[in-house]
Amino acid sequence: MLEVTGLTIRAGGTALVEDLSLDLATERLTCLIGPSGCGKSSVIKWLSGVLALELQAQGDARLDETTLSLPHPAIAYQPQQDTLFPWLTILENAALGLEIRGAPRNVARDKVRPLFSTFGLQGHEDSFPDQLSGGMRQRAAFLRTMVQDARVLLLDEPFSALDAVTRLKMQDWLTARLADDPRAVLLVTHDLFEATQIADRILVMGRNPGRIVADIPVTTPRIDRTEASLADTRSMLKSLLLEDTE
Ligand SMILES: Nc1ncnc2c1ncn2[C@@H]1O[C@H](COP(=O)(O)OP(=O)(O)OP(=O)(O)O)[C@@H](O)[C@H]1O
């Protein structure tokens, strides 16, 4: 289990996030939802070790009770955009995370290549990012993230740039991948429909300063999640989110 305790992030004298604590269970998909500017990205950037240098942060991160120094190889981060390099092929892009972690280039590419079919990218090893659809680029970014074998995945609004149909397909696809290959996942989203559809648990952030204001388990099995079965959870989330924007 990953635990964050007492996280405060400041910009000069202003607390952007204050005394935030959260935990992420292994094999669970946790969604982090909250109004724009409440600090969702800042929390996961801090956990990934990529928080802007001008921000000051203090807090503890522990994995199975061992304190982590950040960044840590057990934690992989996928930023908001797919951030594929346009001048690299999909194979080269997908292997890049492993290379950055020290794998020799040919070893990294040999590890990634057999996964192209699982990620719906077969035949596109030598394509460039601008030759792929948005959903395929997102799958390539997931491949680059998941192949790093990190126990914890931090995904910052991975579906926000996709059209509605591709987004639904990708949500199903991601939950299926995670069922095959479970990790502790923290997925940031603005979308309460997305959160209730895919999460095992939803953490709601409030703002000024950013903090966790609700912790909501979603216990209905994904296969049984219908508009009716999720209505109460969605209405509770809607109230919490609207309350914070008044
Ligand atoms: N480098 C920075 N310097 C000063 N303030 C910053 C910096 N980065 C972020 N902030 C501020 O911190 C607050 C939280 O930003 P953050 O991007 O973490 O929020 P968010 O909840 O992820 O927002 P969104 O949902 O719009 O992506 C915002 O008020 C933002 O303006």
Side-chain angles (χ1 to χ4, degrees), residues 2-24 29-61 68 70-72 75-84 134 137-138 141-142 145 152-164 166-167 170-171 174 184-199 201-216 218 233-234 236-246:
L2 179 81
E3 282 180 283
V4 172
T5 47
L7 174 61
T8 295
I9 301 175
R10 293 180 183 281
T14 309
L16 307 177
V17 170
E18 190 163 60
D19 197 20
L20 177 142
S21 297
L22 59 83
D23 57 77
L24 297 181
L29 198 169
T30 302
C31 280
L32 182 63
I33 192 166
S36 188
C38 69
K40 303 178 295 295
S41 295
S42 300
V43 169
I44 70 168
K45 283 181 183 168
W46 174 75
L47 258 175
S48 315
V50 298
L51 191 68
L53 288 175
E54 64 269 24
L55 300 179
Q56 304 83 46
Q58 64 179 62
D60 283 321
L68 300 181
L70 302 171
H72 191 279
I75 299 176
Y77 165 58
Q78 188 169 312
Q80 279 188 15
Q81 290 76 27
D82 61 40
T83 60
L84 299 175
R137 282 200 301 274
Q138 198 56 255
F142 276 129
T145 307
V152 180
L153 303 183
L154 306 175
L155 308 176
D156 198 352
E157 297 192 49
F159 307 125
S160 60
L162 303 177
D163 65 81
T166 309
R167 173 184 273 241
M170 288 298 298
Q171 290 166 357
L174 178 67
V185 180
L186 184 64
L187 184 148
V188 171
T189 179
H190 273 117
D191 181 344
L192 63 90
F193 287 86
E194 178 166 281
T196 48
Q197 206 58 49
I198 64 176
R201 176 186 176 204
I202 301 172
L203 298 175
V204 184
M205 269 184 87
R207 62 180 169 184
N208 299 326
R211 69 227 182 271
I212 304 291
V213 294
D215 181 348
I216 301 169
V218 188
T233 309
R234 284 182 181 159
M236 187 198 320
L237 278 170
K238 197 170 157 189
S239 311
L240 283 164
L241 293 171
L242 288 176
E243 215 171 81
D244 206 60
T245 49
E246 275 164 7

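All residue numbers in this chain count up from 1 along the given sequence. Given the structure is predicted, the values throughout are model-derived calculations rather than measurements. Whatever order the structure lists ligands and atoms in, that order sets their numbers, starting from 1.
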Which heavy atom of Pro71 sits nearest to which heavy atom of Ser48, and what is that distance?
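Minimum heavy-atom separation between Pro71 and Ser48: CB-O, 3.3 Å.
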Over all heavy atoms of both residues, which pair between Leu20 and Val4 is shortest? Give the atoms and the distance, please.
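Answer, listing the atom of Leu20 first, then Val4: O-CG1, 4.1 Å.
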Hey, which atoms in ligand 1 end up nearer than 4.0 Å to a heavy atom of [X]?
X	result
Ala52	1 (N)
Glu54	1 (N), 2 (C)
Gln80	27 (O)

Mode of Ser41 contact toward ligand 1 - side chain, backbone, both, neither (heavy atoms, under 4.0 Å):
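The answer is both.
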With heavy atoms only and a cut-off of under 4.0 Å, state how His190 meets ligand 1: side chain, backbone, both or neither.
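It is the side chain that gets close, since no backbone atom is under 4.0 Å.
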Option nearest [atom] (shortest heavy-atom distance, choices [options]):
atom	options	answer
atom 14 (C) of ligand 1	Ala15, Gly210, Gly37	Gly37
atom 15 (O) of ligand 1	Ala11, Pro35, Ser42, Ser160	Ser42
atom 3 (N) of ligand 1	Asp156, Asn208, Ile44, Leu55	Leu55

Going through the checks in order, is the salt bridge (charged side-chain N to carboxylate O under 4.0 Å, His left out) test met by Asp19 and Arg211?
CA-CA 7 Å; Asp19 197 20; Arg211 69 227 182 271; over 6 Å; no
Checking a contact table here: which protein heavy atom is nearest atom 12 (O) of ligand 1, and how many Å away?
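Checking every protein heavy atom, the shortest distance to atom 12 (O) of ligand 1 gives Leu16 CD1, 3.2 Å.
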Among all protein heavy atoms in this structure, tell me which lies nearest to atom 26 (O) of ligand 1, with the distance rounded to 0.1 Å.
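Result for atom 26 (O) of ligand 1: Ser36 OG, 2.6 Å.
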Can you find a heavy atom in the side chain of Thr189 that is under 4.5 Å from one in the side chain of Leu32?
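No; the side chains remain at least 4.5 Å from each other.
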Leu68 versus Leu2: any side-chain heavy-atom pair under 4.5 Å?
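The answer is yes; the side chains approach within 4.5 Å.
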Decide whether the shortest distance between a heavy atom of Gly34 and an atom of ligand 1 is less than 4.0 Å.
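Checking ligand 1 against Gly34, which is what was asked, there is no heavy-atom contact under 4.0 Å.
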Please confirm whether Met205 comes under 4.0 Å of ligand 1, counting heavy atoms of the residue only.
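No, Met205 has no heavy atoms under 4.0 Å from ligand 1.
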Distance alone, cut at 3.5 Å: any donor-acceptor contact between the side chains of Glu157 and Gln78?
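Judged by distance alone, the side chains do not pair up.
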State whether a side-chain donor-acceptor pair under 3.5 Å links Arg167 with Gln138.
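No - no donor-acceptor pair under 3.5 Å links their side chains.
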Indicate yes or no: does an N/O atom of Gly39 lie under 3.5 Å from an N/O atom of ligand 1?
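Yes, Gly39 has an N/O under 3.5 Å of an N/O on ligand 1.
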I'd like to check whether Cys38 has a polar contact with ligand 1, where a contact means an N/O of the residue lying under 3.5 Å from an N/O of the ligand.
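Among all N and O atoms of Cys38, at least one is under 3.5 Å from an N or O of ligand 1.
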SB check Asp156 Lys45 (cutoff 4.0 Å)
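Answer for the salt bridge query: no.
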Heavy-atom donor-acceptor pair, Arg10 side chain to Leu55 backbone, under 3.5 Å:
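Not at all, since once roles are kept as given, no pair shorter than 3.5 Å links the two residues.
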Backbone of Pro35 reached by a side-chain donor or acceptor of Lys40 within 3.5 Å
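Yes, because the side chain of Lys40 sits within donor-acceptor range (under 3.5 Å) of the backbone of Pro35.
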Distance below 4.0 Å between atom 31 (O) of ligand 1 and any protein heavy atom?
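It does not; no protein heavy atom is within 4.0 Å.
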